[in-house]
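Okay, structure first, notes after.
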Amino acid sequence: MMEQSVAATKDLSGVAWTGGSLVGSLNPSNHGYRTSDGKGGYIITNTHKKYKRSKRDADGNMILDDDEVVANLVVQFCNREGETVGDAMDVPTSAGSEELGSLLRSMLNPDDDEEDANRGQIPYAFFAKVTRKIETKNPSTLEPMVQTITEDVDITDYNSLAHFLRQFRNDVSTEQTLQLTYQPLALFKVRPVTRCTDTLPGHTEAILHVSYSPDGQHLASGGGDATVRFWDVHTSTPRRTCKGHSDHVLCTAWSCDGVRFASGDKRGNLIIWDPEKGEAKGTIKAHSKWITGLDWEPMHRNKSCERLVTSSKDGLAKIWNVRTKRCEATLAGHSDSIESVKWGGEGLIYTASRDRTIKVWNAQDGGGPNGDSRAGVLVRTLVGHGHRVNTLAVSCDYICRTGPFDHYGKIAGITIKDRESNEWREAAHRAAVEKYAAFKGSDEPERLVSGSDDNTLLVWHPTLDKRPIKRLTGHQQAVNHIAFSPDSRFFASASFDKKIKIWNGRTGDFLNTLTGHVGAVYQVAWSSDGRYLVSASKDSTAKLWEMPSGKRARETLPGHEDEVYALDWSPCGGSVATGSKDRTIKIWKH
């Protein structure tokens with residue numbers, strides 16, 4: 001094909017990029033361009049790229065030096081449902097996620113010119129399926145064995161396709177088409193918090209919990225003074241002070257519709273509050289010892305949002321209907337205190353215990369493998385940790401927490417304000433179901449990560465198997481908190497070793513260690529767009545980190561006079577709240 005002028009190429013051949021482009025006559029490192037074949041497809045033409053003679057083995061496969069990769073690679077884009085987009089295309093291996101995103105946008109919007117296609121700048125993450133062999137031990141005989149695993153590797157974690165190919169040179173063939181699954185990321189951007197705008201006094205003892213409502217319109221706190229307090233997020237002033245507990249408030253949780261707030265104390269009492277009126281809707285003697293965890297049933301599973309699960313030091317977990325104040329099921333089976341409980345998105349409940357096990361329970365009648373199990377039936381026991389299990393995180397935590405609400409704290413298309421009305425509940429339930437379906441994709445299993453006093457984390461597919469997918473090592477002391485990013489691409493682990501580690505949310509691969517705190521890290525929270533992480537520490541500071549690349553803190557948030565026990569980032573993205581042993585709450589904004 002003869003060379004054309006830049007203008008003619010753009011006009012007649014459909015070049016996807018101009019200056020700094022992935023393919024196009026203006027890219028001096030490639031000189032290839034994409035042209036229309038006249039049938040709705042494209043042809044990639046490299047007009048004067050020079051190639052050296054490649055070495056090949058007996059089977060005809062190309063042999064590369066240790067630091068050498070091919071200049072171009074054939075890729076095929078597909079969505080999370082497996083549907084392909086366009087034809088397979090030859091792209092330079094110097095391309096990174098931004099260039100691949102530009103190419104994908106031009107294929108998804110073929111009628112737009114380059115400027116129109118990129119105007120929205122929807123960012124994408126790209127995943128490649130990699131099949132590789134790893135050395136492990138037979139769980140029965142403990143003899144060495146080789147296991148073949150297939151995992152989705154996030155291309156975004158690498159600077160370019162070339163970097164990815166170097167990392168997996170023994171597992172990815174450059175002679176075959178590489179299938180890249182794309183996933184749209186948050187189009188909105190949360191601004192980093194940099195300054196303290198308000199200090200909220202009122203509590204008379206250490207603050208152990210702060211949490212924003214699912215729509216981001218309310219802030220609640222609880223602590224050692226046996227009170228629960230609700231705050232106005234717009235004026236940073238107290239709205240309600242709720243008294244009813246007789247001991248430390250150890251755990252709190254908002255219902256997914258934002259209508260109810262639950263708190264559990266050191267004497268085993270559970271109180272359900274009305275955040276608007278500050279009144280107790282019911283007090284339940286839930287356990288004989290202190291309550292260690294609370295979690296509500298996700299709204300996409302039940303539109304009424306009236307069921308929650310509690311866990312306790314007495315070794316039991318219980319499913320409650322807060323409207324009837326009735327215990328629907330008791331989950332008995334652990335031989336020691338339950339340290340953490342999670343209600344997953346697939347109708348299962350997970351409990352982690354000091355007895356070193358995690359148990360998976362059916363959460364509702366008819367929800368077993370054959371549709372005939374009762375609520376509270378043990379599905380499987382996950383064994384793998386060598387010490388007590390402190391914390392759990394589920395890949396859909398953020399989606400379940402925010403329920404039907406978007407990042408503005410609203411539900412698209414709903415103008416009804418009465419959240420108790422049937423019309424609002426039906427519309428909110430549909431929104432929650434659609435939101436969860438879009439998050440989950442077609443066949444992606446629910447992922448569970450556990451952290452333990454044995455200094456390790458384990459990644460599980462608890463809906464499918466009782467064996468861990470991967471053991472994650474690196475922390476030097478106990479892991480006390482884990483949090484998935486909103487899109488579940490990453491998760492962060494906080495430890496008493498003063499470090500935070502960032503891991504790939506699908507494969508469990510280690511990505512980064514965040515160093516900067518000089519005391520134990522108690523808790524971490526993600527921004528709603530997944531671009532930032534904030535951490536709370538014993539060193540009396542919170543720190544802001546850029547994700548996933550930042551090894552050093554972007555901002556240090558000082559001001560507290562003692563250990564920072566609690567923090568939360570508003571689902572609307574506008575503010576971070578931190579709670580401290582100094583008995584104050586601080587609000588941080590951009």
Side-chain angles (χ1 to χ4, degrees), residues 200-212 218-231 238 240-254 260-273 275 278-296 308-318 320 322 336-342 351-354 388 390-392 453 478 480-481 494 496 519-523 525 536-538 540 560-568 577-586:
L200 314 182
H203 283 284
T204 57
E205 292 292 339
I207 296 169
L208 305 179
H209 296 276
V210 292
S211 59
Y212 286 94
H218 302 278
L219 175 67
S221 59
D225 61 2
T227 67
V228 170
R229 294 173 184 260
F230 295 100
W231 309 85
R240 299 284 186 269
T241 298
C242 305
K243 298 180 179 179
H245 290 289
S246 55
D247 213 327
H248 293 64
V249 178
L250 298 180
C251 48
T252 60
W254 287 90
R260 300 180 179 92
F261 184 79
S263 56
D265 67 24
K266 198 172 181 179
R267 299 196 180 184
N269 294 315
L270 170 68
I271 301 181
I272 309 301
W273 305 95
E279 299 174 352
K281 289 187 173 182
T283 301
I284 304 169
K285 179 61 177 177
H287 294 275
S288 60
K289 295 184 179 180
W290 65 59
I291 297 176
T292 58
L294 298 170
D295 207 9
W296 291 85
L308 64 80
V309 61
T310 60
S311 63
S312 171
K313 188 177 171 63
D314 62 13
L316 301 176
K318 296 182 180 181
W320 300 91
V322 299
D336 208 335
S337 167
I338 298 177
E339 301 296 297
S340 180
V341 63
K342 290 287 183 182
T351 55
S353 171
R354 291 174 67 100
R388 78 180 198 179
N390 298 319
T391 181
L392 296 174
D453 267 14
N480 55 62
H481 189 240
F496 282 107
V521 184
Y522 292 138
Q523 196 174 351
S537 170
K538 183 178 180 179
S540 78
H560 282 295
E561 298 175 0
D562 212 326
E563 304 177 37
V564 184
Y565 287 143
L567 85 166
D568 193 22
T578 55
S580 170
K581 189 178 178 181
D582 67 9
R583 299 170 294 185
T584 66
I585 298 170
K586 289 187 180 293

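Bear in mind the structure is a predicted one, so any value in this text is a computation, not a measurement. The residues of the chain are indexed from 1 along the displayed sequence.
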[X] vs [Y] side-chain heavy atoms within contact, under 4.5 Å:
X	Y	value
Leu308	Ile272	yes
His245	Thr227	no
Leu294	Trp320	no
Pro275	Trp254	yes

Looking at residues at least two apart in the chain, or sitting in another chain, which of them share a side-chain contact (heavy atoms from CB on, under 4.5 Å) with [X]?
X	answer
Val341	Val309, Ser311, Ile349, Thr351
Asp314	His287, Ser288, Lys289, Ser312, Leu316
Ala352	Ser340, Ile358, Val389, Leu392
Ala494	Asn480, His481, Val521, Val524

Which atom of [X] lies closest to which atom of [Y], heavy atoms considered:
X	Y	result
Gln523	Tyr565	OE1-O, 3.5 Å
Ser211	Phe261	OG-CE1, 3.8 Å
Asp568	Ala525	CA-CB, 4.4 Å
Ser246	Ala226	C-CB, 4.3 Å
His203	Trp231	CD2-CZ2, 4.4 Å
Val210	Ala577	CG2-O, 3.7 Å

Heavy-atom neighbours of Lys281 NZ exceed 12 at 6.0 Å: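 Count over threshold, so yes.
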
Arg260, CZ: over 12 other non-hydrogen atoms inside 6.0 angstrom: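 More than 12 within 6.0 Å, yes.
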
Residues that [X] engages under side-chain hydrogen bond (donor to acceptor under 3.5 Å, both in side chains), provided they are two or more places apart:
X	answer
Glu339	Ser337
Lys586	Thr199
Ser580	Asp582
Tyr522	Glu563

Using modelled atom types only, decide if a donor and an acceptor are shared between the side chain of [X] and the backbone of [Y] within a distance under 3.5 Å.
X	Y	result
Asp225	Thr204	yes
His209	Leu250	yes
Trp296	Ala253	yes
Thr292	Lys313	no

Look up atom [atom1] in [X] and atom [atom2] in [Y], then write down how far apart they are to the nearest 0.5 Å.
X	Y	atom1	atom2	value
His560	Arg583	NE2	CZ	13.5 Å
Ile291	Thr252	CD1	OG1	11.5 Å
Asp295	Cys251	CG	SG	10.5 Å
Trp290	Asp265	CH2	CG	11.5 Å

For Tyr212, all residues meeting ring pair (Phe, Tyr, Trp, His ring centres under 6.0 Å), sequence neighbours excluded: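 Partners of Tyr212 under the ring pair (Phe, Tyr, Trp, His ring centres under 6.0 Å) test: none.
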
Non-neighbouring partners of Asp247 that pass salt bridge (Lys or Arg N to Asp or Glu O under 4.0 Å), sequence neighbours left out: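 Salt bridge (Lys or Arg N to Asp or Glu O under 4.0 Å) check on Asp247 returns Arg267.
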
Salt bridge (Lys or Arg N to Asp or Glu O under 4.0 Å) partners for Asp453, two or more places apart: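 Only Arg388 meet the salt bridge (Lys or Arg N to Asp or Glu O under 4.0 Å) criterion with Asp453.
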
